[in-house]
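Worksheet for the structure shown next.
For clarity, every value in this text was computed on a predicted model and none was experimentally measured.
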Amino acid sequence: MTTTLAPPVRAVRAATPRWWADAGGAAAFVSLLVVTALWVAGGGVQAVAQSWTDSLGRLTGLLASDLLLLQVLLMARVPVVERAFGQDRLARWHRWTGFTSFHLMLAHIVLITVGYAGDAHVNVFAELWDLVVDYPGMLLATAGTLLLVLVVVTSVRAARRRLRYESWHLLHLYAYLGVGLALPHQIWTGTDFVSSPWSRAYWWTLYAVSAGAVVAYRLGLPAWRNWRHRLVVDRVVPEGPGLTSVYLRGRDLAELPVRAGQFFQWRFLDGHGWSRSHPYSLSATPHTGVLRITVKDLGDGSARVAGLRPGTRALIEGPYGKLTGERYTGGPVVMLACGIGVTPLLALLGELPYAPGQATLVYRARSEAEVAFRAELDWLARHRGVRIVHLLGPRAHEASWLPAGAPPLHHLAPQIAGAQVYVCGPDAWTAAATAAARGAGAGPVHTEQFAW
């Protein structure tokens, strides 16, 4: 039997305090209040009577900048933020703040242009041209705005469906450049920046924290962990049709702060295409000496994994995700898995401290041939008392998460009422299974969405 099924032999990170997420949300709200207060202190309310377009244009620009920098912080991979919210929740907030900031930025451009044109009694388009060409920093701000427009357009769902993840991700990185190009305009011509020492202190601090977070956690921390742990491919094992497991070894892996259920962004230095990262969950409980991921060939570069050679260097970013057992202290637990979604749940089954008979895994697959890890599932059933339920066959109907003829969830998992539930699979399937679990009276339901 492989060592991946042995009891964990590493220290498990303590649970994240629940108040961290509340504190983070409160801090974001307070930042918007601070920006508004600085605008009021700078005469923003009084200026409305003189030129409401100019004054509101200033406010929308300030709020847009604040949200844009908060958006950068949300996705800067700050460990404290990751642990408090989780990747899928951060991605939703990142998307909301991004679109809100973009609309406020458009309102800022329109209001300022219309206001200045009215003050100068000139054509709006002529005024826009003068603003871009004659005002300090405006050419850079225009270039930054165009880059942000590119990011927003490619983030619309219809556009994302037509782009490969790697292409979308590369375009998305231009948002950092767009933010940087907007800074000189705010410094040189922003009334609320140049007129108040409090405003300057606030904005310089926010820009410095945002830039520092990106440098430290998007670049510095991954570089440090890769240098320290030096992961290499130990062996590659076929698990089934189009399914491959990769075992990796490295230095000081007991110090790698990862839990079962989490994922890394992986790059393998095996030739062309190494720069493209892919999110893969650990498919076995992490131990001091070995990590394992299992990859399904989905036609997006994942097929390369099957051809990896022992000794190939691996680069990681992470760990990320909150599909972990940090809130589980015992009692009934139900796992609902579909296809490759079984991988993080398999790792969790190796880590959670449930008693024999307390754990149920409901494993959905289209056919017998697609059921992976049979030997490990049998071992968990025999040695840890996990109840394994296979759901095979086509869906009962388009919106169903069950195959035709399957009994309801409370029959598949009699302990579902009040149990902690972990769900992983395709997005639509996960949503349907989560709704079924809550409808059956489940306790906390843990999910992690990987869609971009």
Mark yes when over 12 heavy atoms from residues, nucleotides or ligands other than R313 sit less than 6.0 Å from its CZ; otherwise mark no.
yes
V236 to P238 - nearest heavy-atom pair and separation
O-CD, 4.0 Å
Determine, stepwise, if the pair W93 / W96 fulfils ring pair (Phe, Tyr, Trp, His ring centres under 6.0 Å).
CA-CA 5 Å; W93 285 21; W96 180 87; 8.6 Å; no
Taking A260's backbone N and O only, do any of them form a donor-acceptor pair with E351's side chain (distance below 3.5 Å, no angle check)?
yes
In the structure I gave you, are the side-chain heavy atoms of N226 and L231 within less than 4.5 Å of one another anywhere?
no
Against the six-membered ring of Y217, is R77 placed for a cation-pi contact (under 6.0 Å from the centre, within 45° of the normal)?
no
Return the orientation label for the F264 and W266 ring planes: parallel under 30°, perpendicular over 60°, tilted otherwise.
perpendicular
Is Y422 close to L336 at the side-chain level, that is, under 4.5 Å between some pair of heavy atoms?
no
Backbone N/O of L323 and side chain of R259: donor-acceptor pair under 3.5 Å:
no
Between R292 and S283, is any side-chain donor less than 3.5 angstrom from a side-chain acceptor?
yes
Are L248 and V233 side-chain neighbours, meaning at least one heavy-atom pair lies under 4.5 Å?
yes
Donor-acceptor contact below 3.5 Å, side chain R364 vs main chain G393
yes
Do we get R384 above W379's six-membered ring, with its NZ or CZ under 6.0 Å from the centre and within 45° of the axis?
no
Is the side chain of R225 donor-acceptor paired with the backbone N or O of E317 at a distance under 3.5 Å, no angle test?
no
Can you list, pair by pair, the side-chain donor-acceptor contacts under 3.5 Å of residues 27-36, counting residues two or more places apart and other chains?
{"from": "S31", "atom 1": "OG", "to": "A28", "atom 2": "O", "distance (Å)": "2.6"}
{"from": "S31", "atom 1": "OG", "to": "D66", "atom 2": "OD2", "distance (Å)": "2.9"}
{"from": "T36", "atom 1": "OG1", "to": "L32", "atom 2": "O", "distance (Å)": "2.9"}

